[in-house]
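The next block holds one structure in the form of structure tokens; read it before the comments.
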Amino acid sequence: MQLTGLKYGQRLLDLVEFPVAPVLTEEASHDEINHLIESHGGKCIVKPVFLGGVGKKGKAGLVRIVTNVFDAMVAKRDLFFATHYQGNRPVQACGVTFEGYIASDIEIYASITDSSEHRMPVLLLTTEGGVDVEDVPAEKKRTILFNPVTGVKSFHINDALRELNCPPQYISALVQHLPKLWQAYDSYGLTTLELNPIRMGKVKGRYVPFACDIKASFDQDNQAWKRLGYPEEIFSTTITQFEAEINVLRTHQGQSDVTEVNPKGTILPFIFGGGANSAATEILGDKAIISSDFGGNPPYEKIKAIADITFRHWLPQSNVILLIGGRANNTNIFTTFKAIFDSLKEHIGLNPNIFVVAGRGGPKVIEGMVYGRDVLDSLRVPHRFFGHDSSMMSVLQHAMEIDTFLGQRDDATTLVEQQHKQTVHKLNFAAV
Amino acid sequence: MSYLNNPFPYFVGVQSLHELANKHSRVCIMNIRGTESSLVTPVSHAYSGGNVVAGVQYGESSGTFETPAGDIPVFGSISDVIRNGVQFDTGVIYLPPTAVSHAVSEMCARNVDLKRIIIVTEKVPVRDSRLIRYGCQSRKVDVIGANTLGIANSWDQVRIGGALGGDSPGESLKKGSVAIYSNSGNFSTTISEYLKTAGFGTSTILSSGKDVYIHFALAEFLYCAENDPRTKAIVVYVEPGGYYEKQALDWIEQGRFKLTKPIIACVTGRWKKNLTRSCGHAGAMAGCGDDAEAKEGWFDTYFGVPEFDPGSPEVSQRGVRIKSIQDVPEAVNACMKLYGELPDFEPTGDLSLKPWFVNDQALSLPDDLRMKVVKAISPYGEEIEKSNQLIGARIIREPMRNRSGASSISPDDHSISLHGRELLDLIENPFGAICLYSVLKTMPDAGSMALVNPLLNWFAARGSEHIATVVRGRGNGCTPNASIAAEVLLAGNNRLFEDLRTASSWLIDQFHDEAGLDLAIDEELIAQKCHAAEPFPRMHREEGSGQWADYFGALLRNHGQETILTRFAQEYSRMQNEAGEDVDPLRPLLAAMLTGLAWKPLVERRISRETAQDLGTYLGLNGVIVGVSPVAPEKNHFWQQLHAPTDLAILETDFSSTCFQVLFNRVPEDHELFAFNTLLNLTLTNGPGTLSAKGAKESVSARNHIATAYAGFMTNTGLAHGGNGFEAVSYLLKTFADTDPYQADTEERESVFKRLASEATQEFVIRKKKAKLEGVTERIPCINHPVFRGKPENHDPREVRLRTLLKSRDVANPFLEYYHFLVKELHAEGISPCIYCVNVDAAIACISLDLFWEQLQQGELSEKEAQEIVFTLFLYGRMAGISAEIADHRSRGQDLDCRTLPEELVFLV
């Protein structure tokens with residue numbers, strides 16, 4: 001759960017009274033834009049709006065500085081639906097912002113995050129912001145460690161700025177405002193808050209640090225972000241319809257984490273355990289339709305609901321249903337297998353040509369496998385069940401080989417088989 | 001902060017892995033009665049020799065938590081634990097996420113002896129973890145987790161926290177020389193399993209958790225492993241996110257602490273690089289520079305050798321990185337060899353693919369993908385063998401109140417299904433086939449039908465023996481459901497049913513493993529079974545059974561339906577008779593035929609063994625119902641023939657025709673038989689919520705015999721259910737008392753029907769007003785339906801289907817047409833708020849009336865008899881559907897599962 005840019009970020013900073021460069025959205029009138037330009041030294045900055053966490057827009061040439069309404073409109077047209085790449089993943093803009101240009105001879109970078117190195121929150125500060133902080137030499141950055149109960153204090157900021165040789169005229173304003181970032185971070189369930197750049201503008205003759213861009217990540221296990229009143233859709237770009245449906249089932253009892261890996265994949269994996277999730281998804285690559293972690297001993301109702309949603313979305317295109325995990329510690333295999341196979345019974349009509357491969361160990365594993373075997377036999381679905389004495393990785397490889405074979409069958413054969421299976425299914429639907 | 005004598009810039013309270021968890025640890029569990037703790041704590045406590053000294057359950061002031069190793073005292077708070085003199089050094093938290101930081105505070109504040117806290121809970125907010133870190137560092141308490149499965153010490157046989165090693169920790173946690181540090185709880189156990197295949201056991205296993213905050217991280221673990229004489233190598237499993245590993249390796253390089261033992265490290269999760277929210281472990285999200293590739297690089301640099309290649313294993317003194325955990329055994333072996341260390345015990349196998357269950361069904365796979373079942377390791381292999389000995393479907397018992405695994409009603413269109421097939425798709429099958437399908441979930445094929453009708457008819461003939469009971473009931477004013485139910489009740493679990501069940505059970509035991517699915521005849525096997533150690537159940541000869549046995553024997557031969565079971569039954573009887581034993585030749589043969597019919601669904605585990613063995617009872621009771629139901633048996637020629645047959649060919653009558661002739665005392669025309677057969681199938685079921693089904697299911701729930709459950713179904717029918725058609729016949733007879741419904745001219749007929757409908761409406765208005773004054777309700781039978789209502793014009797789809805079917809065969813039913821005029825007229829006159837549906841009971845009554853109208857007019861049938869016929873017809877159809885519910889409930893349900901809970905009961909004043 002991430003957000004980028006001032007369109008939504010402004011709200012977070014307003015709540016802690018951290019100054020923000022004036023922002024207009026794509027709905028702004030010509031007069032409003034003209035006024036913004038006139039009141040900011042004849043310039044405004046036009047940026048595309050991306051939902052979710054999208055960085056490096058400046059490097060990609062997606063930030064324009066304009067001096068008149070006409071150019072602002074041209075920039076709006078160019079950037080409104082701009083495509084940007086995060087690694088190999090294309091993301092599309094859905095609007096623009098017009099932001100007041102803050103004339104400043106200095107750009108500050110400030111971020112707060114929880115450091116795994118120090119195991120406490122840290123504030124990273126540099127007076128050479130506006131670029132990737134990784135590119136700033138170590139001697140020009142300061143990491144401030146502070147007590148998470150009392151938060152970062154002005155003296156921490158003052159000390160760091162002085163060490164960084166920050167121009168003295170800016171120090172007072174920064175030590176006054178930067179501690180507010182901790183309030184935002186601590187109060188609204190953030191895991192990262194980054195302002196880059198902060199530019200030093202003047203209000204009534206006094207320097208004021210203006211946040212000119214923001215990135216924030218929220219802890220999805222901390223409901224405090226809801227107090228911000230953001231529309232949920234601002235986090236929705238990274239959540240597909242399928243993921244959203246599964247997310248509704250998210251509770252602390254049993255996992256229901258899913259990520260769509262390849263909506264055109266042909267292996268439908270039910271993965272149990274965070275480790276298995278990490279390892280199995282890596283091996284399956286883009287053959288996997290989804291990555292999932294359904295471990296944590298989910299109750300029957302939960303895993304049944306998960307399976308219902310999963311089959312409804314993905315069963316028709318799948319060659320192989322894969323149930324994979326290591327040797328479970330406390331996940332009841334019978335419960336999880338029963339829920340999944342009960343759901344498969346109800347959805348088999350969506351794809352009677354499925355093949356099931358399972359690799360699992362743990363409590364009540366034989367009961368679970370026997371139940372699965374009985375259901376699959378009654379549905380005429382081919383299957384293999386492996387225990388924890390087979391390598392999980394080899395089971396994954398085997399499932400991929402089965403998937404490749406099934407994918408290579410010619411369409412005519414598949415159709416005939418399908419018709420046969422449908423007939424059989426009709427006769428034996430509720431066989432067990 | 002002050003630190004112990006260790007190299008860390010923060011508090012770490014232990015020097016060696018052994019100190020983390022050992023036989024001296026004393027544990028207190030928060031939320032001991034929570035869902036997860038309830039499952040895990042008893043196993044942990046027993047495995048660890050009873051190391052849990054107290055549990056806390058908010059809201060509970062005293063009590064005990066039972067475990068196999070003795071009761072654990074339960075208190076309402078940590079203060080209570082301490083006040084009661086219970087001392088503990090380790091706290092385990094199973095509370096929900098938002099309560100975790102509060103519980104940590106409570107433990108720290110109230111117990112001065114606290115040394116470490118293990119947080120099992122998942123999804124603890126990062127903010128809370130931050131505060132926990134700060135608080136516990138200040139208080140000098142080590143924290144493991146959150147989202148951990150805890151710590152296990154295989155040497156001391158102790159596990160603390162979660163469920164490392166699962167429900168049988170002794171199996172996975174073998175004493176040995178390898179320490180495991182894993183971000184994944186599941187992989188902690190899985191890696192220990194994999195290590196066993198190379199002969200290595202474990203010293204201490206730590207499931208670190210993989211939240212953003214890992215409070216006891218790799219650096220601390222490696223430091224403690226170095227100081228742990230039991231540990232000779234360390235397996236590390238980590239995922240992206242965080243710099244814990246880099247920090248540990250840097251500190252070793254920098255000499256902050258030394259490590260002289262090899263690390264076997266596995267990093268997975270390259271694919272997580274571009275995730276914007278976690279999937280799996282909350283902290284497994286790469287930021288900048290801490291993705292899986294970066295972590296692989298940290299380890300590779302530290303080891304100085306490339307990723308482990310099992311083909312040419314190269315490792316360094318510092319260890320090696322492996323691609324996946326399946327390489328753990330070989331990599332550990334290679335590292336140990338380098339140090340001259342031997343395995344801890346004999347290797348326990350390998351990690352090759354060993355499928356425990358395989359079925360390719362009809363799919364043709366290439367040779368390299370084909371697999372054969374490999375016997376599972378102990379004790380799983382034995383468990384599988386045991387389960388394989390269980391023949392038929394293994395259905396988990398569950399409460400069956402308002403539930404059914406046989407029939408269902410669609411919430412969308414209220415269509416009814418039986419065994420997954422829509423009722424309206426079943427109605428054209430022969431009723432005899434439906435009787436079998438209801439019990440066996442499989443429709444008999446054409447060949448089998450050559451046996452099905454004679455068997456059903458034989459049971460009907462047999463059932464007719466005690467018709468006197470029903471005649472007596474009728475004389476006493478019983479409705480047909482009551483008098484027939486009396487005879488069904490008396491049929492009980494009679495000797496025939498018991499013999500068929502016992503014989504079927506013997507046949508299943510003897511032939512299941514050796515006869516194929518097609519039951520092909522194998523003379524050698526038959527001869528062998530004739531002398532089986534466990535002899536075939538002995539059955540006393542019944543008079544006249546010889547001729548029936550000969551009849552069925554010929555039937556089997558003539559229709560090519562002999563199986564190894566029927567041949568065995570014949571051979572067995574022959575041998576016994578030759579030996580001078582007076583054994584019954586018929587019952588073994590009947591049992592063999594019935595078992596043969598049930599064989600395929602039994603072997604394919606679609607029905608339970610119990611259901612297969614009970615097939616004779618179900619068909620026998622159907623036979624009783626049909627056999628005792630003629631309204632005037634003394635005049636019914638067909639029934640007389642069935643009751644005391646002179647020509648055995650009567651058994652080959654289509655069973656639907658049998659039912660027709662028993663009821664109507666004449667041979668049906670083709671179109672009549674079609675309509676009648678459809679009617680029977682249509683009344684098969686109306687879902688598990690109907691009174692008739694509930695009557696049967698509640699009787700099963702009270703653990704009655706099948707016959708009693710059948711009677712439960714019948715006593716739950718009556719004039720308002722099943723007998724509704726009974727009333728409709730009466731109503732129609734009055735309506736058409738002076739009118740010929742079969743008028744040739746269509747226009748004239750419609751005009752007459754409209755007039756009759758109008759008159760009936762006016763008459764109903766008066767009747768209704770009068771009834772209102774008397775405080776009673778008045779209605780016209782068989783219109784409207786509690787399910788098919790609420791639209792401007794309503795239809796009962798079963799009636800629609802039936803009417804359409806009849807029309808497609810040019811079979812007109814004037815009574816049904818009249819009913820449709822009537823519902824429209826009622827609405828037109830403002831009597832009904834919408835056009836009611838003509839329900840299926842009306843269709844039954846109308847078709848029945850059509851079937852016996854002529855006989856009524858001729859005086860061959862009285863009105864009362866006609867009404868009784870309609871009711872009985874309903875019972876015929878429903879008996880088959882009910883057999884499905886009974887078989888399902890008996891296989892799936894629990895005793896008393898239909899009982900209404902006290903809190904659902906309402907007292908009315």
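Computed from a predicted structure; not experimentally measured. Below, chains carry the letters A, B, ... as their sequence lines are ordered, and counting in each starts from 1.
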Quick one: which of [options] has the most heavy-atom pairs under 4.5 Å with chain B, could you say?
options: A:V365, A:T281, A:T331; answer: A:T281
options: A:E401, A:H398, A:Q223; answer: A:H398
options: A:M392, A:M393, A:E367; answer: A:M393
options: A:G189, A:G362, A:P121, A:S115; answer: A:P121

Chain B contact via [X] - side chain, backbone, both or neither, heavy atoms under 4.5 Å:
X: A:L376; result: backbone
X: A:D389; result: both
X: A:S394; result: both
X: A:V357; result: neither
X: A:A224; result: neither

Interchain contact, [X] with chain A, by part (heavy-atom threshold 4.5 Å):
X: B:S891; answer: neither
X: B:Q247; answer: side chain
X: B:L39; answer: side chain
X: B:L131; answer: side chain
X: B:L390; answer: neither
X: B:L369; answer: both

**Item:** Between B:Y10 and A:R119, a side-chain donor and acceptor under 3.5 Å
**Value:** yes

**Request:** Apply side chain to side chain contact (heavy atoms under 4.5 Å, CB included) to A:H388 and B:Y194, showing your working.
**Result:** CA-CA 9 Å; A:H388 60 268; B:Y194 286 10; 5.8 Å; no

**Complete:** Taken to the nearest 0.5 Å, the spacing of B:S364 OG from A:F405 CZ works out to 6.0 Å

**Message:** Quick check for you: to the nearest 0.5 Å, what is the distance between A:S278 atom OG and B:F187 atom CZ?
**Reply:** 7.5 Å

**Request:** Would you please test A:R327 and B:E171 for side chain to side chain contact (heavy atoms under 4.5 Å, CB included) and show each step?
**Result:** CA-CA 11 Å; A:R327 179 170 179 174; B:E171 236 177 73; 2.8 Å; yes

**Asked** Below 4.5 Å, heavy atoms only, C-beta onward: do A:R384 and B:M371 meet side chain to side chain?
**Response** yes

**Message:** Just so I know, are the side chains of A:D186 and B:R127 near enough to count as touching, which here means a heavy-atom distance under 4.5 Å?
**Reply:** yes

**Request:** Kindly determine whether A:D114 and B:V126 satisfy side chain to side chain contact (heavy atoms under 4.5 Å, CB included), including the steps that lead there.
**Result:** CA-CA 8 Å; A:D114 282 87; B:V126 176; 3.7 Å; yes

**Request:** Check step by step if side-chain hydrogen bond (donor to acceptor under 3.5 Å, both in side chains) holds for B:N359 and A:D377.
**Result:** CA-CA 8 Å; B:N359 190 341; A:D377 282 351; 2.9 Å; yes

